[in-house]
**Student:** 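Dropping the structure in here first, questions after.
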Amino acid sequence: MPSSDSKPYKGRFAPSPSGPAHQGTMLAAIGSYLQARSKQGEWHVRIDNIDPPREIPGSADSMLCTLESYGLHWDGPIVYQSQCQDRYRDALHELKLNNLIYDCGCSRREIESVAKIGPNGMVYPGICRNGLAKGKSARAIRLLTESCLIMLTDQIQGEYSLNIEREVGDYVIRRADGPYAYHLATVVDDALDGFTEIVRGRDLLGITPQQIYLQLQLGYVTPDYAHLPLIVDSQGRKLCKHSEAQAVDDLAKNDVLKDIFDALGLPVETEILNSPNEILWAWAIDQWNINNVTNTEIKSTI
Ligand code: GLU
């Protein structure tokens with residue numbers, strides 16, 4: 001796998017605007033920020049608004065305000081995936097030229113009735129691989145996958161591998177309802193914007209081999225990966241925008257940060273937590289060591 005080691009570090013935080021920032025969102029923001037800044041690298045923000053039905057109006061702006069109020073300053077302009085459609089179209093075209101995509105006319109129900117379940121959900125059984133059956137019309141576009149093991153050495157979570165064809169199947173890269181799929185958009189933007197490392201939440205570890213597979217098909221360099229621990233609530237449920245996770249804007253900053261610093265292996269004194277942003281982040285950047293980040297779940301104390 002090509003390595004991105006020799007280039008100046010460029011990292012990113014890429015939230016989906018599907019609700020206000022919660023503690024898990026801030027963990028991803030802070031982890032990616034500290035890793036980039038400790039390497040004297042750039043840190044960018046991309047708004048993953050590729051999925052109009054799931055977008056909550058105003059949440060992108062509210063997340064950016066939250067980052068600002070926490071003193072997490074980004075480099076360059078904000079990239080909005082909704083404005084990058086040409087890139088995705090070109091990548092899809094490239095895949096088409098190489099006969100790596102096909103139209104799929106299956107409904108979810110049809111797939112459900114025959115598919116086996118893999119680590120990431122239903123494994124597409126290849127129903128439309130050899131062309132659409134009579135009477136079926138194209139809905140989604142799928143990537144034609146091959147049986148090969150994609151291995152990843154994650155800086156925090158260690159080794160992880162998947163056989164894409166057997167354990168995922170030909171996956172969707174343009175959805176039946178129109179938008180380009182998350183994998184295509186993310187892989188294209190990460191590559192064209194030249195990110196050298198992707199630091200994000202552990203919930204995305206399982207799908208990373210799919211993204212690496214797609215990078216290989218498009219001839220892109222594979223960045224390094226580091227998946228941060230998940231913050232869970234008192235019942236062990238992942239904090240997410242759809243759960244009852246509280247918006248960080250409604251919480252005391254010190255409470256939000258305390259758990260996050262614990263998860264990131266940065267035991268912090270109250271005096272530091274109470275310091276102005278510049279002092280707080282200078283301290284955290286100085287103390288940061290990705291090898292101290294825990295790879296187990298962290299319980300939110302909020
Ligand atoms: N937008 C995705 C999310 O908020 C994360 C994308 C990524 O970091 O690759 O879950």
Side-chain angles (χ1 to χ4, degrees), residues 4 10-36 41-56 58-64 66-67 72 74 78-84 87-88 91 120-121 150 152 154-157 160 171 173 175 179-215 218 220-232 237-243 245 247-248 260 293:
S4 48
K10 189 172 177 191
R12 51 67 159 183
F13 167 55
S16 304
S18 49
H22 54 76
Q23 213 178 14
T25 321
M26 294 312 285
L27 175 74
I30 292 169
S32 58
Y33 173 84
L34 293 177
Q35 174 73 343
E42 290 180 17
W43 183 69
H44 292 255
V45 176
R46 182 181 76 219
I47 300 293
D48 284 359
N49 59 348
I50 192 76
D51 193 353
R54 290 180 61 193
E55 186 167 346
I56 306 263
S59 67
D61 285 348
S62 119
M63 271 187 204
L64 296 174
T66 308
L67 293 180
L72 297 165
W74 56 85
I78 303 284
V79 169
Y80 292 87
Q81 285 194 323
S82 57
Q83 292 167 10
C84 299
R87 287 175 162 190
Y88 313 142
N120 295 342
I150 298 290
L152 148 78
D154 185 89
Q155 283 207 73
I156 299 169
Q157 307 294 337
Y160 186 76
Y171 55 94
I173 51 171
R175 292 175 8 191
Y180 294 98
Y182 156 69
H183 292 305
L184 183 77
T186 297
V187 161
V188 168
D189 287 332
D190 285 346
L192 299 193
D193 290 329
F195 295 116
T196 56
E197 184 176 52
I198 308 302
V199 180
R200 59 187 180 187
R202 194 194 184 286
D203 50 329
L204 297 170
L205 177 69
I207 51 84
T208 302
Q210 280 167 254
Q211 297 191 353
I212 295 175
Y213 186 87
L214 188 51
Q215 288 155 4
L218 288 164
Y220 295 156
V221 172
T222 291
D224 294 327
Y225 285 97
H227 285 87
L228 300 161
L230 284 190
I231 300 202
V232 296
R237 292 174 309 192
K238 179 195 152 198
L239 296 187
C240 66
K241 291 158 198 147
H242 321 290
S243 72
V248 294
I260 291 179
V293 177

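Atoms within a ligand are numbered from 1 in the order they appear, just like the ligands themselves. Quick note: residue numbers are just sequence positions, from 1.
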**Student:** Any chance you could measure L152, atom CG, to T208, atom OG1, to the nearest 0.5 Å?
**Tutor:**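 So the gap between those two atoms works out to 6.0 Å.
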**Student:** Under 4.0 Å from a heavy atom of R12: give me the atoms of ligand 1 that qualify, with their elements.
**Tutor:**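 Checking each atom against R12, I get 7 (C), 8 (O), 9 (O).
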**Student:** Give a yes or no on whether the backbone of H183 and the side-chain of T186 come within a donor-acceptor separation of less than 3.5 Å.
**Tutor:**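 Such a contact is absent between T186 side chain and H183 backbone.
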**Student:** Work out whether the distance between some heavy atom of Y182 and some atom of ligand 1 is less than 4.0 Å.
**Tutor:**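 Yes; Y182 lies near enough to ligand 1 that a heavy-atom distance drops under 4.0 Å.
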**Student:** Under 3.5 Å between some N or O of ligand 1 and some N or O of R200?
**Tutor:**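 For ligand 1, there is an N or O atom that lies under 3.5 Å from one belonging to R200.
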**Student:** Using a 4.0 Å heavy-atom cut-off, say whether T25 meets ligand 1 through its side chain, its backbone, both or neither.
**Tutor:**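 Looking at T25 and ligand 1, no heavy atom falls under 4.0 Å.
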**Student:** Identify, by atom number and element, the atoms of ligand 1 in contact range of P15, meaning under 4.0 Å from any of its heavy atoms.
**Tutor:**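 Counting atoms of ligand 1 from 1, those under 4.0 Å from P15 are 1 (N), 4 (O).
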**Student:** In Å, rounded to the nearest 0.5 Å, how long is the span from CD1 of I150 to CD of Q211?
**Tutor:**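 If we round to the nearest 0.5 Å, I150:CD1 and Q211:CD are 12.0 Å apart.
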**Student:** Can you pull out every salt bridge (charged side-chain N to carboxylate O under 4.0 Å, His left out) where at least one residue sits in residues 21-32? Sequence neighbours excluded, please.
**Tutor:**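 Salt bridge (charged side-chain N to carboxylate O under 4.0 Å, His left out) check on residues 21-32 returns no pairs.
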**Student:** Based purely on interatomic distance, does A14 place a nitrogen or oxygen under 3.5 Å from a nitrogen or oxygen of ligand 1?
**Tutor:**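 Between A14 and ligand 1, an N or O pair is found under 3.5 Å apart.
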**Student:** Taking the side chain from N120 and the backbone from G206, do they hold a donor-acceptor pair closer than 3.5 Å?
**Tutor:**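 Indeed, once roles are kept as given, a pair shorter than 3.5 Å links the two residues.
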**Student:** Ligand 1 and T186, any nitrogen or oxygen pair closer than 3.5 angstrom?
**Tutor:**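 N/O-N/O distance below 3.5 Å does not exist for this pair.
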**Student:** Can you list every salt bridge (charged side-chain N to carboxylate O under 4.0 Å, His left out) pair that touches residues 182-194, not counting sequence neighbours?
**Tutor:**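 Qualifying pairs: R12-D190, R46-D190, R87-D189, R87-D193.
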**Student:** Output yes when the distance from some N or O of ligand 1 to some N or O of Q211 is under 3.5 Å, and no in every other case.
**Tutor:**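 Min N/O separation from ligand 1 is not below 3.5 Å for Q211.
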